[in-house]
Amino acid sequence: MTDPQIVLTERVQQALASAFGSEHADADPLIRPSQFADFQANVAMSLAKRLRRSPREVAESIRAALTGFPGTVEVSGPGFLNITLDDSWIAGEATGMRADERLGVPTVTPPQTVVIDYSAPNAAKEMHVGHLRTTIVGDALARVHERLGNHVVRQNHLGDWGTPFGMLIEHLLDIGEEAAVAQLEAGQGTEYYQAARAKFESDEAFKTRARVRVTTLQSGDPETMRLWHVFMDATVRYFNKIYAMLGVTLTDADIAGESMYNPMLEKTCQDLEAAGVAVVSDGALCVFPPGFIGSDDKPLPLIIRKSDGGYGYASTDMAAIRYRVHDLKADRILYVVGADQALHFRMVFAAGRLAGWLPETVHAQHVQIGMMLGKDGRRFKTRSGESVKLADLLQEAVDRASERLADRGYDEATREEIAHAVGMGAVKYADLSVGHDTEYVFDFDRMLAFQGNTGPYMQYATARIRSIFRKAGTEPSEATASIVPAEPAERALALHLLGFGEVVGQVATHSEPHRLSAFLFETASLFSTFYEQCPVVKEGVDAETSAHRLALCALTLRVLESGLDLLGVPVPARM
Ligand code: ARG
């Protein structure tokens, strides 16, 4: 059950080596899906120039060298190799895949340690729709890396520290712990923040208290720390409510917020300065990574200690990068964060390389998340201009899904359960079916549509296959006949399914979950065609054909369910 494109690449490379010498063994055979066959190899064109022979002649030599090949190869046009795989080869591979628990998904050896920084909402501000995307995309990447056998370390880099906490804690004392906790747990962080801010601006005594509180917080005063914990615990309980609704895999153990790095910041600065990587400029400690020039044509600083001695976002990220490489032993670090922070991360990575904290052997990537837009084409907000409250938004998705299921005759509890899966699936799949860096319009109608490349359509595809088994009075796990793709639609579906493992690997390599959604969407479409053209259980279909087709249905179902699980999209048993 290897991806045919990979098998063919290897085979053609062997043929290249035997026909033209081993120095050509690494040439890319340029295998592409073809209109006229299963695949075509275009390598003869490029190779002909180098060999000073006609492309057709080169193609003929490759064909002759492809001995013992499980298919037919024809030379067409100026020198294309049209490749058609034998039905028996496809049958054998698909049947093997059905027996394989991993469905052909490779295992990375040795496993890599992949640190994934994702979600990372800020305390005392409403978790907003941008964090929804970093959460969903990051979680899909974490699931995929785990499936591949990598060691994943999730890092939820919460915004949980800094000067605003002085006024936030004083406000907590003013309104009382109980009231504050209730408000924060309910997700009213923005309101809480705004109330504290208003007092800070209008009330001198409050302002003074808040400033003193910042100092006592930074000095680690036990009572202040206790109040900080009261505040943070309530906030995290709200975040967890969102995570639970979404079904993301983040737990409290994955929290590694800005506060965690606080004790490391002084040393971070000292070490960078001692190594000559950071210098004092206008009173601030800065790294000037080469190649970064500001609009004033002057070198751009990454400020790691402000001129007032305070630390900021970049200080924390420098401490974090060292911690992730040195302590967590990362081979790879993914930062699933908004695209608007691209410059920040390029500078942090460059500074990390300069300091030797991010060695060349460790791959750091900013997985840029595009902005979510409103229907007006601007950043997604409510009409009053405030960010939309996430819990309400998610609930709306569930409510709308429930409306759409109204006529299906489910009892209330079942309907709610399905509506939850459909609503969350719709929201999540919308993020995962487009490139992570594309900006797109948040549109419930489009996300919840039962047609097109949407969550509900994908969920429905699985439910439809399950209903075939119900009709047949059997279980997918019992469909263990061999897969024999006799009809073109069966053959196309089986051939496509063989690419599953390869696509999962590609998602990890490129940090692009939408490659998997595109594959699954194509799977569902090919299945539809198959189902239209090849009756599975029907009068006139003999038992043997029926068994072969049920086996193909079962394999399709497993690929869809396994793929949706990797994306973190829930699959209701019925719809
Ligand atoms: N809290 C930040 C925000 O909301 C994201 C943090 C991302 N991670 C990091 N290491 N800087 O924009």
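Atoms within each ligand, like the ligands themselves, are counted from 1 in listed order. Positions are given from 1, in the same order as the sequence printed here.
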key: Atoms of ligand 1 close to Asp117 [distance to a heavy atom under 4.0 angstrom, numbered from 1]   = 7 (C), 8 (N), 9 (C), 10 (N)
message = Does only the side chain of Asp317 get under 4.0 Å from ligand 1, or the backbone, or both, or neither? Count heavy atoms.
response = side chain
inquiry  = Quick test of your reading of the model: are Arg515 and Glu512 salt-bridged, counting only N-O distances below 4.0 Å?
reply    = yes
query = Can an N or O of Gly159 be found at a distance shorter than 3.5 Å from an N or O of ligand 1?
reply = no
inquiry  = Below 4.0 Å from ligand 1: does a non-hydrogen atom of Gln155 turn up there or not?
reply    = no
task = If the plane angle is over 60° it's perpendicular, under 30° parallel, otherwise tilted; pick one for Tyr457 and Phe521.
result = perpendicular
message = Nearest non-hydrogen contact with atom 6 (C) of ligand 1 belongs to which option: Phe345, Tyr313, Tyr118?
response = Tyr313
ask   = Any N or O on Arg324 sitting closer than 3.5 Å to an N or O of ligand 1?
value = no
key: atom 12 (O) of ligand 1: the protein heavy-atom neighbour that sits closest, reported with distance to 0.1 Å   = Gln341 NE2, 2.8 Å
query = So which protein heavy atom does atom 1 (N) of ligand 1 come closest to, and at what separation?
reply = Asn122 OD1, 2.7 Å
key: N-O pairing of Glu403 and Arg400 below 4.0 Å   = no
note = When Ile116, Thr134, Leu334 are each screened for side chain to side chain contact (heavy atoms under 4.5 Å, CB included) with Val367, the one that passes is Leu334
key: Atom indices of ligand 1 within 4.0 angstrom of His131 heavy atoms, with elements   = 3 (C), 4 (O)
request  = Anything under 30° is parallel, anything over 60° is perpendicular, the rest tilted; go ahead and classify Tyr335 against Phe345.
outcome  = tilted
message = In terms of relative ring orientation, are His131 and His128 parallel, tilted or perpendicular, with 30° and 60° separating the classes?
response = tilted
query = Between Trp161 and Trp228, what is the ring plane arrangement, given parallel below 30°, perpendicular above 60°, and tilted in between?
reply = perpendicular
